[in-house]
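Have a look at the structure below, then the notes.
The basis for the numbers below is simple: all heavy atoms, side chains too, and nothing from hydrogens, waters or symmetry mates. Throughout, residue positions are numbered sequentially from 1 according to the sequence presented. None of the values given here were measured: they were computed from a predicted structure.
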Amino acid sequence: MKKLFTLTFLFLLSIAAWAQKDVTQFLGIPVDGSKSEMIRKLKAKGFTSDPYKSDLLKGEFNGRDVEIHVVTNNNKGLSYCHSRC
């Protein structure tokens with residue numbers, strides 16, 4: 001019984017470790033870094049920053065002009081994208 005429990009535990013642990021290696025990406029940029037890192041990488045992809053809001057970037061995504069608001073959750077990069085009005 002102890003062997004069965006140990007094998008089951010190790011199996012579940014390996015599955016959990018394997019599942020953690022895929023990180024959500026936006027334009028090929030992993031969305032798990034800091035806010036400044038995300039903004040820097042988006043600027044490298046051709047987005048420009050708004051002179052009044054440093055976390056607002058403007059550029060093209062899927063053939064459309066968009067504004068991207070880079071927001072964070074405990075300084076982990078998340079992005080929010082919407083079309084320009």
For this session: Report the C-alpha separation of I39 and L57 in whole Å, then their side-chain angles, then the decisive distance to 0.1 Å, and conclude whether the side-chain contact (heavy atoms from CB on, under 4.5 Å) test is met.
Result: CA-CA 8 Å; I39 290 173; L57 301 171; 4.2 Å; yes
Exercise. Roughly how far, to the nearest 0.5 Å, is CE of M38 from CG of L42?
Worked result: 5.0 Å
Exercise. Any ion pair linking K58 and D50 (charged N to carboxylate O, less than 4.0 Å)?
Worked result: yes
Problem set entry | Partner residues of E37 under the salt bridge (Lys or Arg N to Asp or Glu O under 4.0 Å) criterion, sequence neighbours left out | K41
For this session: Hey, could you give me the CG/CZ distance between L56 and F47, rounded to the nearest 0.5 Å?
Result: 11.0 Å
For this session: Work out which heavy atom in E60 is nearest to a heavy atom in V66; give both atom names and the distance.
Result: C-CG2, 4.4 Å
